[in-house]
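Just below is one structure, and these are the notes that go with it.
Below, read A as the first sequence line, B as the second, and so on, with proteins coming before strands; counting in each chain starts at 1.
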Amino acid sequence: MVDKYEKIIELAKRRGFLWPSFELYGGTAGFYDYGPLGAMLKRRIENVWRDIFVINEGYYEIEAPTIGIEDIFIASGHVGGFSDPLTECQKCHEDFRADHLVQNIVDMPDTLSADELTEIINKNNIRCPECGGKLGNVYEFNLMFRTSIGPGSKRAGYLRPETAQAMFVDFPRLLKFYRDHLPFGATQIGKAYRNEISPRQGVIRLREFTQAEAEIFIDPRNKTHPGFKEIADIVLNFYSQEGQINGESQQISIGAAVNTGIIAHEFLGYCLAITYRYLTRVGVSPEKLRFRQHMKDEMAHYAADCWDAEILSDRFGWIEVVGIADRTDYDLKAHAKQSETDLTVYVPYDRPKKVERFVVKPNMAALGPRFKGKAGKIANALKALRQEELSGEFIELTIDSEHIKLEKDAVVFETVTEEIHGENIIPHVIEPSFGIDRIMYSLLEHSYFEEKAIEEGEEDEVRIVLRLPPQVAPVQAAVLPLLTREKLIKPAIEIIESLRKAGILVTFDDSGTIGRRYRRNDEIGTPYSITVDYQTLEDGTVTIRERDSMGQVRASMSDIADNICDLIYRGKSFGNAGRRV
RNA sequence: GCGCCGAUAGUGUAGCGGUUAUCACUGAGCGUUGCCAACGCUUAGACUCGGGUUCGAAUCCCGAUCGGCGCACCA
């Protein structure tokens, strides 16, 4: 049985969307090349993402190295947490999580090093749970690709396992760029790398893949979104925590989902909405799309709420293509700690707050000469005292088990009223994270149709057509002379030139019959075919043929580029592109 | 990593120890062709890799690689 996955992969290979990498040398699992059409399709998918997140939401794009230094991934937890301690049975060669094997013997097995785990296994004579064989030395399998920076191996570098970290690391710069105002966001589209143990399923699980991520920094006390009203009525297919327990999803509006607490807050709801708009705009079928909430135990401990956009695929079922999480202040805190840098935002109050503060000022001019080296300690001890303790005739202190008695003029204190104009807060981070490769595969699958040709007397001809949205189709128009005649080729070339000047990717094809050429273009999703015939020579008109309906209109050659641009980018209906034929 | 199955032109396939590796589609060229995979002629193109058995291997055996499925893994 040939399923849709096989058909897509076969088409993708044959027509130049996806090729296994290094195929000449036998290929390597987990790597794919994007061929000429695939690269263009991917670029267009990314550009729609840019249009939404960068241009319309205003989250500027940055570009950081794909290699990161060790500190970053210590802070992010990938150095310590993105690996598992494994031990292999010497007899049956089964791999086991070493920390799981010793969890009944020691308290915190996940804090132990590989060597410590090996020792514990040997001491306690732990054997293979499967066959009772001897277990080998414990080793850390980290899913990051490690390399070294510069000569030697002193400075470790890692290929980034996600694009997100750069936005956290650049936080102080971004904050200045956005002139100290929350909320703001930054995005990145780029490669990420994970050394998967056993990648499979084509482009669904890759060792090198493309992410499009946004990190949006918001005020933790205000998780509303100014654009929420505008999207509140959008109905999505929700698969909530509760829904998963009951095994059913529900169709409700985002507004209702936020009001009833299914979605934690407006900002996440808004991100779900733009994710929905994005995915359907690039060609994902809405009925094969759902938003699944992470279960409590599935969510990272620091996350406030997390939703995945999942797409239904023929072979793999529901696959995760987008993750949308409220990561709270976890990442900024982690980097603040690791870098010993303040990663907070000063947020002014609407009105300054009056705060009463008790201020103690030790009289250092008196304490210094009298206590010499101890003066500092005494001063600090004085500052810690309360008003009652300072108000007596004498002040008594014990410093380093030495009793000290001071006159009351050793210190001045007062209660001052200060105006506080704001405070430093650690923003919370909303992270929509898109897997571009998976999205591209999904929309190939959702765009792929086989149609029975309706010609009479013909055998069961099947028309393969890729119904990609015109704005992401790699080839946007084909120009076809009806016959291979010099007279017809000449105007065709003129048309090609005008389309190219307008930024339209266009192909020329005069090989084979016109029907064959239409079919070739249907298969790669070319939305429009422009055919030059003998009437063109008489009145300067051509036919435009629409991929999906196979209908045709006759339109003027003189403004053909504008006409095609309107069809592709500006939502002009095909019927308005010319006179029906 | 483990187990099972598989790998032949661009694609899909036949061949399962013995000529020059089958067929279809596809691609290219020429002719023909007045709008949906027409036709004729010409032409291009493959046994995943490495060992072994054998007089002889695409075919049998072993290993590797890749792919599919199941297990494990998927912060």
Side-chain angles (χ1 to χ4, degrees), chain A residues 1-3 5-7 9-16 19-31 35 73 76-84 86-89 91-97 100 110 130-131 136 139 141-144 161-162 194-202 204-207 298-303 315-316 319-320 323 451 453-455 457-465 480-485 488 510-523 529-537 542-547 549-552 554 581:
Chain A
M1 234 310 261
V2 177
D3 68 2
Y5 173 83
E6 252 169 87
K7 286 176 178 174
I9 293 296
E10 187 269 307
L11 171 69
K13 268 201 254 187
R14 188 161 45 82
R15 300 308 305 267
W19 295 325
S21 294
F22 327 122
E23 204 179 6
L24 186 62
Y25 293 102
T28 298
F31 296 98
F73 301 116
S76 72
H78 286 100
V79 167
F82 201 50
S83 69
D84 296 321
L86 297 181
T87 178
E88 187 184 325
C89 171
K91 200 169 142 199
C92 70
H93 300 289
E94 191 78 23
D95 273 298
F96 300 97
R97 289 279 296 269
H100 290 178
D110 45 342
E130 291 288 320
C131 72
Y139 62 97
F141 186 80
N142 191 295
L143 261 49
M144 282 193 293
E162 59 177 23
R194 297 178 188 185
N195 200 3
E196 299 285 353
I197 295 171
S198 133
R200 268 185 211 173
Q201 307 171 328
I204 304 299
R205 200 141 147 248
L206 293 169
R207 288 188 165 121
E298 181 183 4
M299 231 183 283
H301 65 274
Y302 49 82
R315 178 182 288 196
F316 308 116
I319 53 178
E320 174 194 347
E451 288 179 350
I454 33 174
E455 292 298 303
E458 300 280 321
E459 297 190 11
D460 281 357
E461 285 284 2
V462 173
R463 177 172 90 118
I464 293 172
V465 52
L480 317 168
L482 186 60
L483 299 168
T484 315
R485 293 282 147 75
L488 299 179
D510 70 340
S511 161
T513 62
I514 190 70
R516 177 184 295 277
R517 286 177 274 162
Y518 286 148
R519 295 299 172 86
R520 264 203 286 257
N521 278 292
D522 288 340
E523 201 179 46
S529 295
I530 298 159
T531 303
V532 176
D533 56 19
Y534 283 104
Q535 195 180 328
T536 309
L537 304 177
V542 291
T543 63
I544 305 174
R545 180 248 193 200
E546 186 186 39
R547 173 198 67 202
S549 66
M550 298 194 279
Q552 291 189 33
R554 189 158 269 282
V581 178

Round to a whole Å and report the spacing from CG of A:Asn195 to P of B:rC73.
17 Å
Separation of B:rC74 C1' from A:Arg207 CZ (nearest whole Å)
13 Å
Please tell me if A:Tyr5 has a side-chain N or O lying less than 4.0 Å from either OP1 or OP2 of B:rG68.
yes
Rounding to an integer number of angstrom, what distance separates B:rA44 and B:rC55 when you compare their P atoms?
37 Å
When you measure from the side chain of A:Thr531, which nucleotide among B:rG3, B:rC36, B:rC35 comes out closest?
B:rC35
Below 4.5 Å, heavy atoms only, C-beta onward: do A:Arg517 and A:Asp510 meet side chain to side chain?
yes
Taking the P atom of each, how far is B:rG50 from B:rC4, in whole Å?
25 Å
Note, A:Asp522 side chain near A:Arg545 side chain (heavy atom, < 4.5 Å):
yes
For A:Met550 and B:rA37, give me the distance from atom CE to atom C1', rounded to whole Å.
12 Å
With both distances kept under 3.5 Å, what pairs with B:rA64, Watson-Crick or G-U wobble?
B:rU48
Toward the 5' end of RNA chain B, which comes first, A:Arg14 or A:Tyr302, by nearest nucleotide?
A:Arg14
For B:rG34, what is the paired nucleotide under Watson-Crick or G-U wobble rules, both distances under 3.5 Å?
none
Residue A:Ser198, side-chain atoms from C-beta onward, closest of B:rA38, B:rG68, B:rA72
B:rA72
Between the base of B:rC35 and the side chain of A:Arg517, is one N or O donor paired with an acceptor at under 3.5 angstrom?
no
Among B:rC36, B:rC74, B:rA75, the one nearest A:Arg545 by side-chain distance:
B:rC36
Spacing of A:Phe73 atom CZ relative to B:rA75 atom P, expressed in whole Å:
17 Å
When rounded to the nearest Å, what value does the distance between C1' atoms of B:rG6 and B:rU20 take?
29 Å
Given the P atoms of B:rC62 and B:rC5, what is the spacing between them in whole Å?
11 Å
Pairwise C1' distance for B:rC69 and B:rG29, with rounding to whole Å
45 Å
Suppose you measure atom P in B:rU26 against the same atom in B:rC73; what distance do you get, rounded to whole Å?
48 Å
A:Thr28 near the nucleic acid: base, sugar-phosphate alone, or nothing, with a heavy-atom cut-off under 4.0 Å?
sugar-phosphate
Counting side-chain heavy atoms from C-beta on, which of B:rC71, B:rC66, B:rC74 comes nearest to A:Arg200?
B:rC71
Under 4.0 Å, heavy atoms only, any strand: does A:Gly77 hit a base, just the sugar-phosphate, or nothing?
nothing
Grab the CZ-C1' distance between A:Phe316 and B:rG70 for me, whole Å please.
14 Å
Scan every strand shown for a Watson-Crick or G-U wobble partner of B:rA57, both distances under 3.5 Å, and answer none if you come up empty.
none
Under 3.5 Å for both donor-acceptor distances, Watson-Crick or wobble: does B:rA28 have a partner, and if so which one?
B:rU42
Taking B:rC35, B:rC66, B:rA75 as options, the one with an atom nearest any side-chain atom of A:Gln552 is B:rC35
Just verifying a value: how many Å separate A:Arg200 CZ and A:Phe316 CZ, rounded to the nearest 0.5 Å?
11.0 Å
Paired with B:rC2: which nucleotide, if any, by Watson-Crick or G-U wobble criteria at under 3.5 Å for both distances?
B:rG70
Are any of the side-chain heavy atoms of A:Gln535 and A:Leu482 separated by less than 4.5 Å?
no
Under a 3.5 Å cut-off for both distances, is B:rA14 Watson-Crick or wobble paired, and to whom?
none
Whole-Å gap separating P (B:rA75) and NE2 (A:His301)
15 Å
Could you tell me if the side chain of A:His78 sits less than 4.5 Å from the side chain of A:Glu162, heavy atoms only?
yes
Gap between atoms CG and P, on A:Leu480 and B:rU33 respectively (whole Å)
19 Å
Minimum-distance nucleotide (side-chain atoms of A:Leu482 versus B:rA75, B:rC35, B:rU33):
B:rC35
Is there side-chain contact between A:Tyr534 and A:Arg485, with at least one heavy-atom pair below 4.5 Å?
yes
Side chains of A:Asn521 and A:Leu480: does their closest heavy-atom pair fall under 4.5 Å?
yes
Given atom CG of A:Asp510 and atom P of B:rG31, what is their separation to the nearest angstrom?
11 Å
For A:Glu10 and for A:Tyr25, find the nucleotide of RNA chain B with the closest heavy atom, then tell me which residue's nucleotide is more 5'.
A:Glu10
Please state the P separation for the pair B:rC71 and B:rA21 - nearest whole angstrom.
44 Å
When you get a sec, tell me which of B:rG68, B:rC66, B:rA38 is the closest nucleotide to the side chain of A:Ala29?
B:rC66
Atom NZ of A:Lys7: over 12 foreign heavy atoms under 6.0 Å:
yes
Which nucleotide sits closest to the side chain of A:Leu483: B:rA38, B:rU33, B:rA28?
B:rU33
Any-strand Watson-Crick or G-U partner of B:rU19, both distances under 3.5 Å
none
Short side-chain N/O contact to B:rA28 OP1/OP2 from A:Ser511, under 4.0 Å
yes
Nearest-Å distance once atom P is located in both B:rA46 and B:rA58:
15 Å
Any side-chain to backbone donor/acceptor pair from A:Asn142 onto A:Val79? Under 3.5 Å, distance only.
yes
Is any N or O donor-acceptor pair between the side chain of A:Tyr518 and the base of B:rC35 shorter than 3.5 Å?
yes
With a 3.5 Å cut-off and just heavy-atom distances, do the side chain of A:Arg463 and the base of B:rC36 make a donor-acceptor pair?
no
Out of B:rU33, B:rC36, B:rU26, whichever nucleotide has its closest atom nearest the side chain of A:Arg516
B:rU26
